[in-house]
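Report on the structure given below.
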Amino acid sequence: MKLLSIELPVIQGGMAWIADHSLASAVSNAGGLGVIAAGNLDPEELREEIIQTRRLTDRPFGVNIMLLSPRAGELVDIACQEKVPVVTTGAGNPGPFMERFRCHGVKVLPVVASAGMARRMEKLGADGVIAEGMEAGGHIGKVTTMTLVPAVADAVTVPVVAAGGIGDGRAMAAAFALGASGVQIGTRFICTFECTAHTKYKERILNASELDPVVTGSSTGHPVRSLRNGLTRRIEELEREGAGFEEIEKIAVGALRKASREGDVNNGSVMAGQVCGIIKEINTVEELIGKLMEEAKKTIDSLGGKGLW
Ligand code: TUI
(Lines give C-alpha, C1' and ligand atoms only; values in the text may rest on other atoms or scores of the structure.)
Protein backbone atom coordinates (compact mmCIF):
# COMPACT_ATOMS: atom_id res chain seq x y z
CA MET A 1 0.00 0.00 0.00
CA LYS A 2 1.60 3.23 -1.20
CA LEU A 3 0.11 5.45 1.51
CA LEU A 4 1.61 3.39 4.31
CA SER A 5 4.81 2.16 2.58
CA ILE A 6 3.92 -1.45 3.33
CA GLU A 7 4.34 -4.44 1.01
CA LEU A 8 1.02 -6.17 1.63
CA PRO A 9 -2.49 -4.70 2.12
CA VAL A 10 -2.97 -6.14 5.61
CA ILE A 11 -3.37 -4.00 8.73
CA GLN A 12 -3.55 -5.67 12.12
CA GLY A 13 -6.39 -4.55 14.38
CA GLY A 14 -5.34 -2.54 17.45
CA MET A 15 -6.82 -4.85 20.06
CA ALA A 16 -6.61 -3.49 23.61
CA TRP A 17 -4.72 -5.76 26.07
CA ILE A 18 -3.81 -8.06 23.14
CA ALA A 19 -1.90 -6.18 20.44
CA ASP A 20 1.52 -5.45 21.93
CA HIS A 21 5.05 -5.07 20.49
CA SER A 22 5.33 -8.84 19.94
CA LEU A 23 2.35 -9.10 17.57
CA ALA A 24 2.85 -5.67 15.99
CA SER A 25 6.51 -6.26 15.10
CA ALA A 26 5.73 -9.72 13.69
CA VAL A 27 3.02 -8.33 11.40
CA SER A 28 5.25 -5.48 10.20
CA ASN A 29 8.15 -7.88 9.62
CA ALA A 30 5.84 -10.06 7.50
CA GLY A 31 5.03 -7.08 5.24
CA GLY A 32 1.77 -5.85 6.78
CA LEU A 33 1.16 -2.99 9.20
CA GLY A 34 1.51 -4.11 12.81
CA VAL A 35 -0.39 -1.96 15.29
CA ILE A 36 0.23 -1.49 19.01
CA ALA A 37 -2.97 -1.02 20.99
CA ALA A 38 -2.66 1.97 23.31
CA GLY A 39 -6.00 0.82 24.80
CA ASN A 40 -5.93 1.68 28.46
CA LEU A 41 -2.13 1.77 28.78
CA ASP A 42 -0.42 4.50 30.78
CA PRO A 43 1.37 6.95 28.49
CA GLU A 44 4.82 5.75 29.59
CA GLU A 45 3.80 2.11 29.02
CA LEU A 46 2.85 3.05 25.47
CA ARG A 47 6.22 4.73 24.95
CA GLU A 48 7.93 1.53 26.12
CA GLU A 49 5.83 -0.57 23.68
CA ILE A 50 6.87 1.74 20.82
CA ILE A 51 10.55 1.45 21.79
CA GLN A 52 10.28 -2.36 22.00
CA THR A 53 8.58 -2.51 18.59
CA ARG A 54 11.37 -0.43 17.03
CA ARG A 55 13.91 -2.88 18.51
CA LEU A 56 12.16 -5.74 16.71
CA THR A 57 11.37 -4.20 13.32
CA ASP A 58 12.67 -1.46 11.07
CA ARG A 59 9.44 -1.44 9.06
CA PRO A 60 6.43 0.90 9.42
CA PHE A 61 4.02 0.18 12.26
CA GLY A 62 1.08 1.93 13.88
CA VAL A 63 -0.50 2.77 17.23
CA ASN A 64 -4.24 2.46 17.86
CA ILE A 65 -5.84 5.09 20.08
CA MET A 66 -9.06 3.89 21.71
CA LEU A 67 -10.97 7.14 22.08
CA LEU A 68 -13.06 5.94 25.05
CA SER A 69 -9.85 5.94 27.10
CA PRO A 70 -9.84 8.83 29.57
CA ARG A 71 -6.15 9.29 28.76
CA ALA A 72 -6.57 9.37 24.95
CA GLY A 73 -5.08 12.91 24.73
CA GLU A 74 -1.91 11.91 26.58
CA LEU A 75 -1.57 8.76 24.45
CA VAL A 76 -1.90 10.89 21.30
CA ASP A 77 0.95 13.08 22.63
CA ILE A 78 3.21 10.04 23.07
CA ALA A 79 2.43 8.77 19.54
CA CYS A 80 3.30 12.24 18.19
CA GLN A 81 6.48 12.65 20.27
CA GLU A 82 7.67 9.23 19.15
CA LYS A 83 6.76 10.07 15.56
CA VAL A 84 4.98 6.78 14.92
CA PRO A 85 4.34 6.47 11.18
CA VAL A 86 0.60 5.68 11.47
CA VAL A 87 -2.21 6.04 14.00
CA THR A 88 -5.54 4.25 13.80
CA THR A 89 -8.37 5.40 16.05
CA GLY A 90 -11.47 3.62 17.30
CA ALA A 91 -14.65 3.98 19.32
CA GLY A 92 -15.07 7.72 18.86
CA ASN A 93 -14.37 10.90 16.93
CA PRO A 94 -10.65 11.78 16.61
CA GLY A 95 -11.49 15.30 15.36
CA PRO A 96 -9.90 17.13 18.32
CA PHE A 97 -6.55 15.42 17.66
CA MET A 98 -6.28 15.66 13.86
CA GLU A 99 -4.26 18.88 13.83
CA ARG A 100 -1.72 17.46 16.30
CA PHE A 101 -1.25 14.37 14.13
CA ARG A 102 -0.78 16.51 11.01
CA CYS A 103 1.84 18.73 12.70
CA HIS A 104 3.91 15.68 13.61
CA GLY A 105 3.62 13.98 10.23
CA VAL A 106 1.62 11.07 11.64
CA LYS A 107 -0.71 9.45 9.09
CA VAL A 108 -4.20 8.90 10.51
CA LEU A 109 -6.74 6.21 9.65
CA PRO A 110 -9.86 6.58 11.81
CA VAL A 111 -12.28 3.68 12.15
CA VAL A 112 -15.65 4.82 10.84
CA ALA A 113 -19.00 3.13 11.30
CA SER A 114 -20.95 5.11 8.67
CA ALA A 115 -20.45 6.85 5.32
CA GLY A 116 -21.28 10.21 6.96
CA MET A 117 -18.51 9.81 9.48
CA ALA A 118 -16.11 8.78 6.69
CA ARG A 119 -16.92 12.03 4.86
CA ARG A 120 -16.35 14.08 8.04
CA MET A 121 -13.01 12.37 8.64
CA GLU A 122 -11.83 13.01 5.09
CA LYS A 123 -12.69 16.71 5.48
CA LEU A 124 -10.70 16.81 8.72
CA GLY A 125 -7.63 15.46 6.89
CA ALA A 126 -7.74 11.70 7.49
CA ASP A 127 -5.26 9.93 5.17
CA GLY A 128 -7.56 6.93 4.82
CA VAL A 129 -10.50 5.41 6.67
CA ILE A 130 -11.14 1.99 8.13
CA ALA A 131 -14.72 0.90 7.47
CA GLU A 132 -15.44 -1.58 10.25
CA GLY A 133 -18.62 -3.63 9.98
CA MET A 134 -20.53 -4.96 12.98
CA GLU A 135 -19.29 -8.52 12.43
CA ALA A 136 -16.16 -7.33 14.24
CA GLY A 137 -15.28 -8.08 17.85
CA GLY A 138 -15.23 -5.55 20.67
CA HIS A 139 -16.90 -2.16 20.41
CA ILE A 140 -19.03 -2.13 17.26
CA GLY A 141 -21.25 0.02 15.08
CA LYS A 142 -24.58 -0.92 13.50
CA VAL A 143 -23.80 -1.60 9.81
CA THR A 144 -22.42 -4.82 8.30
CA THR A 145 -19.13 -4.91 6.38
CA MET A 146 -20.97 -5.92 3.19
CA THR A 147 -23.01 -2.68 3.24
CA LEU A 148 -20.59 -0.31 4.95
CA VAL A 149 -17.53 -0.79 2.73
CA PRO A 150 -19.17 0.13 -0.62
CA ALA A 151 -21.06 3.02 1.03
CA VAL A 152 -17.80 4.41 2.43
CA ALA A 153 -15.94 3.77 -0.85
CA ASP A 154 -18.58 5.89 -2.62
CA ALA A 155 -18.38 8.63 0.00
CA VAL A 156 -14.63 9.39 0.07
CA THR A 157 -11.63 9.68 -2.25
CA VAL A 158 -9.00 8.56 0.29
CA PRO A 159 -8.14 4.82 0.53
CA VAL A 160 -10.67 2.63 2.32
CA VAL A 161 -9.64 -0.30 4.50
CA ALA A 162 -12.30 -2.96 5.15
CA ALA A 163 -12.64 -4.50 8.60
CA GLY A 164 -15.05 -6.78 10.44
CA GLY A 165 -15.50 -10.43 9.51
CA ILE A 166 -12.23 -10.75 7.63
CA GLY A 167 -10.25 -13.84 8.57
CA ASP A 168 -9.13 -15.49 5.35
CA GLY A 169 -8.20 -14.79 1.74
CA ARG A 170 -11.76 -15.24 0.49
CA ALA A 171 -12.95 -12.40 2.70
CA MET A 172 -9.95 -10.30 1.60
CA ALA A 173 -10.94 -10.80 -2.04
CA ALA A 174 -14.53 -9.86 -1.14
CA ALA A 175 -13.29 -6.67 0.54
CA PHE A 176 -11.40 -5.66 -2.62
CA ALA A 177 -14.52 -6.38 -4.68
CA LEU A 178 -16.46 -4.01 -2.40
CA GLY A 179 -14.03 -1.17 -3.07
CA ALA A 180 -11.45 -1.52 -0.31
CA SER A 181 -7.71 -1.04 -0.93
CA GLY A 182 -6.75 -3.13 2.06
CA VAL A 183 -8.07 -5.04 5.04
CA GLN A 184 -7.79 -4.77 8.79
CA ILE A 185 -7.78 -8.10 10.59
CA GLY A 186 -8.18 -8.51 14.35
CA THR A 187 -9.57 -11.81 15.66
CA ARG A 188 -7.59 -14.00 13.22
CA PHE A 189 -4.31 -12.48 14.43
CA ILE A 190 -5.11 -13.50 18.02
CA CYS A 191 -4.64 -17.12 16.91
CA THR A 192 -0.94 -16.72 16.15
CA PHE A 193 2.11 -17.78 18.15
CA GLU A 194 3.39 -14.21 18.36
CA CYS A 195 0.18 -12.96 19.97
CA THR A 196 0.75 -12.87 23.75
CA ALA A 197 -2.92 -13.25 24.71
CA HIS A 198 -3.55 -16.11 27.17
CA THR A 199 -3.69 -19.60 25.62
CA LYS A 200 -7.21 -20.06 27.04
CA TYR A 201 -8.38 -16.96 25.12
CA LYS A 202 -6.98 -18.43 21.88
CA GLU A 203 -8.57 -21.82 22.63
CA ARG A 204 -11.99 -20.23 23.19
CA ILE A 205 -11.74 -18.66 19.72
CA LEU A 206 -10.60 -21.92 18.11
CA ASN A 207 -13.55 -23.78 19.66
CA ALA A 208 -16.16 -21.11 18.91
CA SER A 209 -18.72 -21.24 16.10
CA GLU A 210 -19.94 -18.13 14.30
CA LEU A 211 -22.94 -18.14 16.68
CA ASP A 212 -20.88 -17.84 19.88
CA PRO A 213 -20.03 -14.13 19.73
CA VAL A 214 -22.93 -12.15 21.23
CA VAL A 215 -23.54 -8.43 21.56
CA THR A 216 -24.06 -6.97 25.01
CA GLY A 217 -24.42 -3.36 26.11
CA SER A 218 -26.69 -2.22 23.26
CA SER A 219 -29.15 -0.77 25.80
CA THR A 220 -26.40 1.55 27.11
CA GLY A 221 -25.28 2.79 23.71
CA HIS A 222 -21.97 0.91 23.97
CA PRO A 223 -22.48 -2.41 22.20
CA VAL A 224 -19.61 -4.88 22.52
CA ARG A 225 -19.27 -8.25 20.76
CA SER A 226 -17.68 -11.01 22.82
CA LEU A 227 -17.96 -14.78 23.21
CA ARG A 228 -20.96 -16.03 25.17
CA ASN A 229 -19.92 -16.89 28.74
CA GLY A 230 -20.70 -16.24 32.41
CA LEU A 231 -19.96 -12.53 31.98
CA THR A 232 -22.20 -11.99 28.94
CA ARG A 233 -25.04 -13.83 30.75
CA ARG A 234 -24.67 -11.57 33.81
CA ILE A 235 -24.66 -8.45 31.61
CA GLU A 236 -27.74 -9.68 29.70
CA GLU A 237 -29.54 -10.17 33.02
CA LEU A 238 -28.61 -6.65 34.15
CA GLU A 239 -29.80 -5.22 30.84
CA ARG A 240 -33.13 -7.05 31.20
CA GLU A 241 -33.48 -5.49 34.66
CA GLY A 242 -32.94 -2.06 33.10
CA ALA A 243 -29.46 -1.36 34.51
CA GLY A 244 -27.69 1.72 33.16
CA PHE A 245 -24.27 2.24 31.61
CA GLU A 246 -22.50 2.83 34.96
CA GLU A 247 -23.74 -0.35 36.57
CA ILE A 248 -22.79 -2.48 33.57
CA GLU A 249 -19.50 -0.66 33.17
CA LYS A 250 -18.64 -1.64 36.76
CA ILE A 251 -18.55 -5.34 35.94
CA ALA A 252 -17.17 -4.83 32.43
CA VAL A 253 -14.19 -2.74 33.53
CA GLY A 254 -11.08 -4.85 33.67
CA ALA A 255 -12.96 -7.78 32.11
CA LEU A 256 -10.95 -7.80 28.89
CA ARG A 257 -7.71 -7.84 30.83
CA LYS A 258 -9.03 -10.66 33.02
CA ALA A 259 -9.68 -12.84 29.96
CA SER A 260 -6.76 -11.92 27.73
CA ARG A 261 -3.97 -11.70 30.32
CA GLU A 262 -5.18 -13.88 33.22
CA GLY A 263 -7.02 -16.48 31.13
CA ASP A 264 -10.32 -16.20 33.04
CA VAL A 265 -12.47 -16.81 29.98
CA ASN A 266 -15.67 -17.36 31.99
CA ASN A 267 -15.76 -14.16 34.05
CA GLY A 268 -13.66 -12.07 31.67
CA SER A 269 -14.59 -10.50 28.34
CA VAL A 270 -13.47 -12.65 25.39
CA MET A 271 -13.93 -10.06 22.65
CA ALA A 272 -13.93 -11.71 19.21
CA GLY A 273 -15.63 -11.24 15.86
CA GLN A 274 -18.10 -13.58 14.15
CA VAL A 275 -15.23 -14.79 11.97
CA CYS A 276 -14.07 -17.03 14.84
CA GLY A 277 -16.31 -19.73 13.31
CA ILE A 278 -13.73 -20.40 10.59
CA ILE A 279 -10.56 -20.13 12.69
CA LYS A 280 -9.23 -23.61 13.28
CA GLU A 281 -5.50 -23.33 13.97
CA ILE A 282 -2.71 -21.29 15.47
CA ASN A 283 -0.07 -20.17 12.94
CA THR A 284 2.98 -17.98 12.90
CA VAL A 285 2.18 -14.49 11.66
CA GLU A 286 4.35 -15.03 8.59
CA GLU A 287 2.59 -18.28 7.73
CA LEU A 288 -0.83 -16.67 8.22
CA ILE A 289 -0.12 -13.63 6.06
CA GLY A 290 1.34 -15.90 3.35
CA LYS A 291 -1.86 -18.01 3.38
CA LEU A 292 -4.09 -14.92 3.31
CA MET A 293 -2.33 -13.48 0.26
CA GLU A 294 -2.23 -16.80 -1.60
CA GLU A 295 -5.91 -17.51 -0.94
CA ALA A 296 -6.96 -13.97 -1.88
CA LYS A 297 -5.14 -14.27 -5.23
CA LYS A 298 -6.60 -17.74 -5.89
CA THR A 299 -10.09 -16.49 -5.05
CA ILE A 300 -9.81 -13.49 -7.34
CA ASP A 301 -8.54 -15.70 -10.18
CA SER A 302 -11.52 -18.06 -9.87
CA LEU A 303 -14.24 -15.50 -9.08
CA GLY A 304 -17.64 -16.63 -10.30
CA GLY A 305 -16.13 -19.77 -11.77
CA LYS A 306 -17.66 -22.41 -9.54
CA GLY A 307 -19.97 -24.00 -12.10
CA LEU A 308 -23.29 -22.40 -11.14
CA TRP A 309 -23.67 -20.69 -14.49
O1 TUI B 1 -12.73 0.42 18.83
C2 TUI B 1 -13.09 -0.60 18.30
N3 TUI B 1 -13.19 -1.76 18.96
C4 TUI B 1 -12.90 -1.93 20.29
S5 TUI B 1 -12.33 -0.76 21.36
C6 TUI B 1 -12.31 -1.86 22.59
S7 TUI B 1 -11.82 -1.49 24.21
C8 TUI B 1 -13.28 -1.40 25.05
N9 TUI B 1 -13.24 -1.87 26.28
C10 TUI B 1 -14.34 -1.84 27.03
C11 TUI B 1 -15.51 -1.31 26.55
C12 TUI B 1 -15.57 -0.85 25.27
C13 TUI B 1 -14.43 -0.90 24.50
C14 TUI B 1 -12.70 -3.07 22.14
N15 TUI B 1 -13.02 -3.07 20.85
N16 TUI B 1 -13.39 -0.65 16.99
C17 TUI B 1 -13.41 0.51 16.18
C18 TUI B 1 -14.78 1.03 16.06
N19 TUI B 1 -15.06 2.30 16.15
N20 TUI B 1 -15.88 0.33 15.80
C21 TUI B 1 -16.91 1.21 15.73
C22 TUI B 1 -16.38 2.46 15.96
C23 TUI B 1 -17.04 3.72 15.98
C24 TUI B 1 -18.39 3.81 16.24
C25 TUI B 1 -19.01 5.05 16.26
C26 TUI B 1 -16.30 4.86 15.75
C27 TUI B 1 -16.90 6.09 15.78
C28 TUI B 1 -18.25 6.17 16.03
O29 TUI B 1 -18.89 7.38 16.08
C30 TUI B 1 -18.17 8.45 16.61
C31 TUI B 1 -18.94 9.69 16.64
O32 TUI B 1 -18.71 10.44 17.59
O33 TUI B 1 -19.73 9.93 15.71
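The model shown is predicted, which means the values in this text are computed figures rather than measured ones.
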Legend entry - Atom pair CD1/CG of I36 and L46 - distance to nearest 0.5 Å: 6.5 Å
Inset, instruction - Taking atom types as modelled, find out whether N283 and R188 have a side-chain donor-acceptor pair closer than 3.5 angstrom. - result: yes
Legend entry - Backbone of K258 reached by a side-chain donor or acceptor of D264 within 3.5 Å: no
Legend entry - Heavy-atom side-chain proximity of R240 to E237 below 4.5 angstrom: yes
Legend entry - Donor on one side chain, acceptor on other, S25 and R54, under 3.5 Å: no
Inset, instruction - Taking only Lys NZ, Arg NE, NH1 and NH2, and the carboxylate oxygens of Asp or Glu, determine whether R47 and E44 approach each other closer than 4.0 Å. - result: yes
Legend entry - Hydrophobic cluster identity match, L41 and V87, side-chain contacts under 4.5 Å: yes
Legend entry - Gap separating the CG atom of N64 from the OG1 atom of T89, nearest 0.5 angstrom: 7.5 Å
Legend entry - Nearest-0.5 Å distance that lies between atom CG in L33 and atom CG in L4: 6.0 Å
Inset, instruction - Calculate, to the nearest 0.5 Å, the distance between atoms OG and CD1 belonging to S219 and I248 respectively. - result: 4.5 Å
Legend entry - Atom pair CD (E49) and CD1 (I78), whose distance is rounded to the nearest 0.5 Å: 12.5 Å
Legend entry - Carboxylate-amine/guanidinium contact E236 R233, below 4.0 Å: no
Legend entry - Neighbour count above 12 (heavy atom, 6.0 Å) for K280 NZ: yes
Inset, instruction - State the OG-CG distance between S28 and L23, to the nearest 0.5 angstrom. - result: 9.5 Å
Inset, instruction - Compute whether any side-chain donor of one residue and acceptor of the other, for E239 and T216, lie under 3.5 angstrom apart. - result: no
Inset, instruction - Flag yes if more than 12 heavy atoms outside E294 fall under 6.0 Å of its CD atom; otherwise flag no. - result: no
Inset, instruction - Answer yes or no: does atom CD of E286 have more than 12 heavy-atom neighbours from other residues, nucleotides or ligands under 6.0 Å? - result: no
Inset, instruction - List the steps, then state whether side-chain contact (heavy atoms from CB on, under 4.5 Å) holds for I235 with V224. - result: CA-CA 11 Å; I235 296 176; V224 167; over 6 Å; no
Legend entry - K291/D168 ion pair, N-O < 4.0 Å: no
Legend entry - Residues, nucleotides or ligands: over 12 heavy atoms within 6.0 Å of M146 CE: no
